[in-house]
K.L.:
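Got a structure for you, written out below as structure tokens; questions coming shortly.
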Amino acid sequence: MRAAGEEAVALRAFRMACAALAAEAQVAWQGPDRRIAVQLVESERHNLRAALTRPPLDTADALTALDTAVSLWFRWAVCGRRREGRVHLGRLLRHCGDDTAVRARALWLAGWLAAQDRAHRTAESLLDRAAHAAARHADADTLARVAHARGVLALCRADTGTAVAWLRRAAEHAYQDTWYGPGPAYSQVLLAIALAASGAAGTPVPVPVPGPVPVSVPGPVPGPWGMAAAVPLNLTPAPAVPLAPQNETRSGPLPGPRCGRGLS
């Protein structure tokens, strides 16, 4: 293919196919059986890793790879792959210097993962950049997700008052693009935790919370409480809030609707 001058065309098509696959997986994650999403990503993990790590051909190709990384947010944030996700996002963000909506979402995701890892200064910097980029694109969904991540950061610092303010803002937002990132149900879970921990003195209750479930573990994939459990808190946990299936299509830099397989 290189000799025939078709290598670049094939690589671009491969990256586009992996972006569509990742988008399909994130739609499946919002469906009734999240094991479908986990199994799909696991079965294609080598192709997805190649799409994320192979040097981009140009800015457009790098943007496709960055969109793939954002679509796999649930793998990084919930399924025990935070470090891998942060590495991919950091590398691809350096390739995608242009101001785009997808870059704003990637900055939010990188900041959210950093907040979960208690990398406070890094998280604050990334979330500030994400908020400014999202505001420039009038992306209210990403701004709400930045608020959720700031709430996570405040909870990690046991600042329940600040956490309540940010998480309430995220929980009350009506999302237009529901496929990626934590929705209101996740914010409501953490908001309930923060409110329960804010007693008369506002002192958190030191109760350990279980960590995230590794992607390789068989059995049911956690619901909204599974997302909250990925945050290393010392607060009293609250009951899970069921996540309703979504029916919208996802927007992004790739043409056509983002539809799931077997989700009717």
Side-chain angles (χ1 to χ4, degrees), residues 70 73-74 76-80 82-83 85-86 89 104-135 139-175 177-178 180-213 222-243:
V70 173
W73 66 271
F74 62 92
W76 319 133
V78 188
C79 299
R82 282 201 299 265
R83 181 172 300 178
R86 290 181 65 187
L89 288 164
R105 295 179 180 186
L107 286 168
W108 152 76
L109 180 55
W112 184 35
L113 296 176
Q116 291 185 8
D117 273 345
R118 295 180 179 269
H120 296 172
R121 291 185 180 178
T122 299
E124 288 173 348
S125 174
L126 289 165
L127 293 174
D128 284 344
R129 293 164 61 193
H132 290 138
D139 187 351
D141 284 357
T142 297
L143 287 172
R145 290 182 172 110
V146 168
H148 175 97
R150 291 190 192 279
V152 170
L153 195 57
L155 282 174
C156 289
R157 290 170 164 168
D159 183 357
T160 54
T162 301
V164 166
W166 284 115
L167 291 169
R168 180 172 283 123
R169 182 181 302 185
E172 292 175 351
H173 177 72
Y175 288 88
D177 187 345
T178 58
Y180 79 100
Y186 302 125
S187 300
Q188 289 163 9
V189 168
L190 291 182
L191 177 59
I193 295 172
L195 287 170
S198 300
T203 304
V205 181
V207 177
V209 174
V213 177
W225 173 243
M227 179 72 71
V231 184
L233 309 178
N234 289 321
L235 306 174
T236 304
V241 178
L243 180 65

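Reckoned from all heavy atoms, side chains included, excluding hydrogens, waters and symmetry mates. In what follows, residues are counted from 1 in the order of the sequence shown.
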K.L.:
Tell me if the CZ atom of R157 is crowded by more than 12 foreign heavy atoms within 6.0 Å.
P.N.:
yes

K.L.:
Is it true that the side chains of R145 and Y180 contain a donor and an acceptor less than 3.5 Å apart?
P.N.:
yes

K.L.:
Would L155 and L167 count as a side chain to side chain contact (heavy atoms under 4.5 Å, CB included) if you check the C-alpha gap in whole Å, the side-chain angles of each, and the deciding distance to 0.1 Å?
P.N.:
CA-CA 10 Å; L155 282 174; L167 291 169; 3.9 Å; yes

K.L.:
Between H173 and R169, is there a donor-acceptor pair closer than 3.5 Å when you use the side chain of the first and the backbone of the second?
P.N.:
no

K.L.:
Rounded to the nearest 0.5 Å, how far apart are CD of Q116 and SG of C156?
P.N.:
8.0 Å

K.L.:
Hey, are R105 and D141 close enough for a salt bridge, meaning a charged N less than 4.0 Å from a carboxylate O?
P.N.:
no

K.L.:
Answer yes or no: does atom NE2 of H120 have more than 12 heavy-atom neighbours from other residues, nucleotides or ligands under 6.0 Å?
P.N.:
yes

K.L.:
Kindly give the heavy-atom pair with the smallest separation between Y175 and A144, and that separation in Å.
P.N.:
OH-CB, 3.5 Å

K.L.:
Identify the heavy atoms of L127 and A149 that sit nearest to each other, and give their distance.
P.N.:
CD2-CB, 3.6 Å

K.L.:
How close do A104 and A134 get, counting heavy atoms only, and between which atoms?
P.N.:
CB-N, 3.8 Å

K.L.:
Would you name the heavy atoms of A170 and S187 that are closest together and state the gap between them?
P.N.:
CB-OG, 3.4 Å

K.L.:
How long is the straight-line distance from CG of L191 back to OG1 of T160, given to the nearest 0.5 Å?
P.N.:
11.0 Å

K.L.:
With distance as the sole test, does R86 use its side chain to make a donor-acceptor pair with the main-chain N or O of L113 at under 3.5 Å?
P.N.:
no

K.L.:
Tell me whether the rings of H148 and W112 are parallel (<30°), tilted (30 to 60°) or perpendicular (>60°).
P.N.:
perpendicular

K.L.:
Could you report the tightest heavy-atom contact between A131 and R150, atom names first, then the distance?
P.N.:
CB-NH2, 4.0 Å

K.L.:
At their closest point, which heavy atom of V164 faces which heavy atom of A194, and how far apart are they?
P.N.:
CG2-CB, 3.6 Å

